[in-house]
Amino acid sequence: MADAAWRLGFRNVGLGLWGKGPGHWLAGRRLGVSLANPLGGADIRPLWEANRWTVLPPAPEAFCRGWMAENPPFQGPNWLCGQEAALRVLHLAPLLPPELPAWAREVVAAHARRIAANPAYALAQDNNHPISEAAGLLACRLLLGGDARRASRALDRSVARLVGPDGGFAQPSPAYHRLMLDVLTAVEALRRQRGGPPAAPVTLERAAAAARVLAQLACPETGALPRIGHQDGSAFDGQPEDARGSLGRAAALFGAPSTNAEWQSAGYRGWASGQARAVMRQGPLRFRPGHADLLHLDLWDGPLNLLRDGGTGAYNPAPADAWWLDYFPSTAAHNTVEFDGHDQMPRVSRFLHARWARGGEGWVRDYAGNLHRRAVAARGREWRVRDELEGPFASAALRWRLAPGEWRLVGQGVESSLGRIAVTADAPVSVTLEAGWESLAYGQVSPCPVLVARGRAGWVETLVTLP
């Protein structure tokens, strides 16, 4: 990574190549950098994260002047993405006085130009980009003065399209759901501070609903989130492992969210029993999926993520780790059923799937016509999952990706100090304990145990008994 950066002429200033903080930036000096290969094959994601201005000094003038000198507007990788410009403005805005000094106006105006340069690209993403960029442009208008009503309406439209009445987000990723909510919180606080045009009622209602969904997803003890969907460490406050700050900030503006023993929103369904809780990824798919993960189930026992998602790996890993790109988005990297060794939908590029699976509340039909229905029930410390299978498949594999521990095979299941898992079916199935992989943080991969039940059954039941 460092060699690639030096070849392109980056100058490392401050706290180490991927360090964070107000003393750090990576400079792109008048480079003809492309988004497809911006760092000569290295991953641009950590560079962008380090240049979001998450941590700024209380008096940011010197830092911003230095950063702009090292990153001339519209040149180099830090200007490739409008969302990155938007996030920088949203972090800078609370530190600026009511009347912007000349240096601040220059910085904000440059970022406004970049965000406004290609709105069609953001809108086409149908994910966090349209909301982030609309919020960033509204922040620029509020800071620079003048009429902010157009920018406000653009944000209202993006929220109305991408956040459902139940708080579900177009991008079924708890991490990106959190980022979306943080962006709405930041721009709403700025709007009220600067006397901007009020948000549409639907924007406020859906922000409050999104906060309720995040409260259901977050671990109450630690703020940790399930690693469902794209999980790349993005966090507005620089704390990717703890969403409690996001919930607190949202509560101050949109109202304190409540939680329920059973709930659902677009993309998810959840249950709670005592200190244990589960969340299932479900359809229908209205927006493009990131992973082939329908009916994946996460189970948490307090802060322990017992049954877990594999995570993401990286968007552009080193050549030796290129297998991450196929593995982590695959059906096999999730707690669901894989038919005949193929994904629920074929992958055609890094972020795109073809022949989307059809699905709804507790069911999915893959592109080959195989049907999987899943029902979840909790009774005290016992969780029962029933999977019903139909279709032309020759063999199915049910996987349960386990928290690392001293798991051992016992009959048709496994047990350890973390719990006991038993599998039964209406036909013979082989139960094995296999080695798998998980990504607990972006760019990091470690082994994990996986319980796999294979066979040609019509139904399979899994009983999880917590200690």
Roughly how far, to the nearest 0.5 Å, is the CZ atom of Arg350 from the CG atom of Asp326? 10.5 Å
Over-ring placement of Arg386 relative to Trp459, 6.0 Å and 45° cut-offs: yes
May I ask you to decide whether Arg244 forms a salt bridge with Asp242, counting only side-chain N to carboxylate O separations under 4.0 Å? yes
Between Arg381 and Ser273, is a side-chain hydrogen bond (donor to acceptor under 3.5 Å, both in side chains) present by the stated rule, with each step listed? CA-CA 7 Å; Arg381 300 286 286 166; Ser273 177; over 6 Å; no
Indicate yes or no: at least one non-hydrogen side-chain atom of [X] is less than 4.5 angstrom from one of [Y].
X: Asn370; Y: Leu389; value: no
X: Leu56; Y: Leu92; value: yes
X: Ser132; Y: Leu137; value: no
X: Glu415; Y: Leu409; value: no
X: Trp263; Y: Ser265; value: yes
X: Phe236; Y: Leu90; value: yes

Verify whether one side chain among [X] and [Y] offers a donor that lies under 3.5 Å from an acceptor in the other.
X: Gln125; Y: Arg288; result: yes
X: Arg347; Y: Ser330; result: no
X: Asp182; Y: Ser246; result: yes
X: Arg178; Y: Ser234; result: no
X: Asp232; Y: Tyr176; result: yes
X: Asp298; Y: Asn335; result: no
X: His111; Y: Arg88; result: yes

side-chain contact (heavy atoms from CB on, under 4.5 Å) for Leu155 and Ile131? Distances and angles first, verdict last. CA-CA 6 Å; Leu155 178 59; Ile131 289 178; 4.2 Å; yes
Please determine whether the number of non-hydrogen atoms from other residues, nucleotides or ligands lying under 6.0 Å from atom [atom1] of [X] exceeds 12.
X: Arg194; atom1: CZ; value: yes
X: Arg379; atom1: CZ; value: no
X: Glu434; atom1: CD; value: yes

Parallel, tilted or perpendicular: ring planes of [X] versus [Y], cut at 30 and 60 degrees:
X: Phe393; Y: Phe339; value: tilted
X: His342; Y: Tyr367; value: tilted
X: Tyr315; Y: Phe351; value: perpendicular

If every non-hydrogen atom of Gln231 is compared with every non-hydrogen atom of Tyr442, which pair is closest and at what distance? O-CD1, 4.1 Å
Sort and list the pairs that fulfil side chain to side chain donor-acceptor pair (under 3.5 Å) and have at least one residue in [range], not counting sequence neighbours.
range: residues 390-402; result: Tyr327-Arg401, Glu338-Arg399, Arg373-Glu390, Trp400-Thr462
range: residues 206-229; result: Arg227-Glu438
range: residues 278-287; result: Gln264-Gln282, Arg281-Asp293

Ignoring hydrogens and angles, tell me if any N or O in the side chain of Asp426 forms a donor-acceptor pair with the backbone of Ala457 under 3.5 Å. no
Which one of Val423, Leu398, Thr432 satisfies the side chain to side chain contact (heavy atoms under 4.5 Å, CB included) criterion with Leu451? Val423
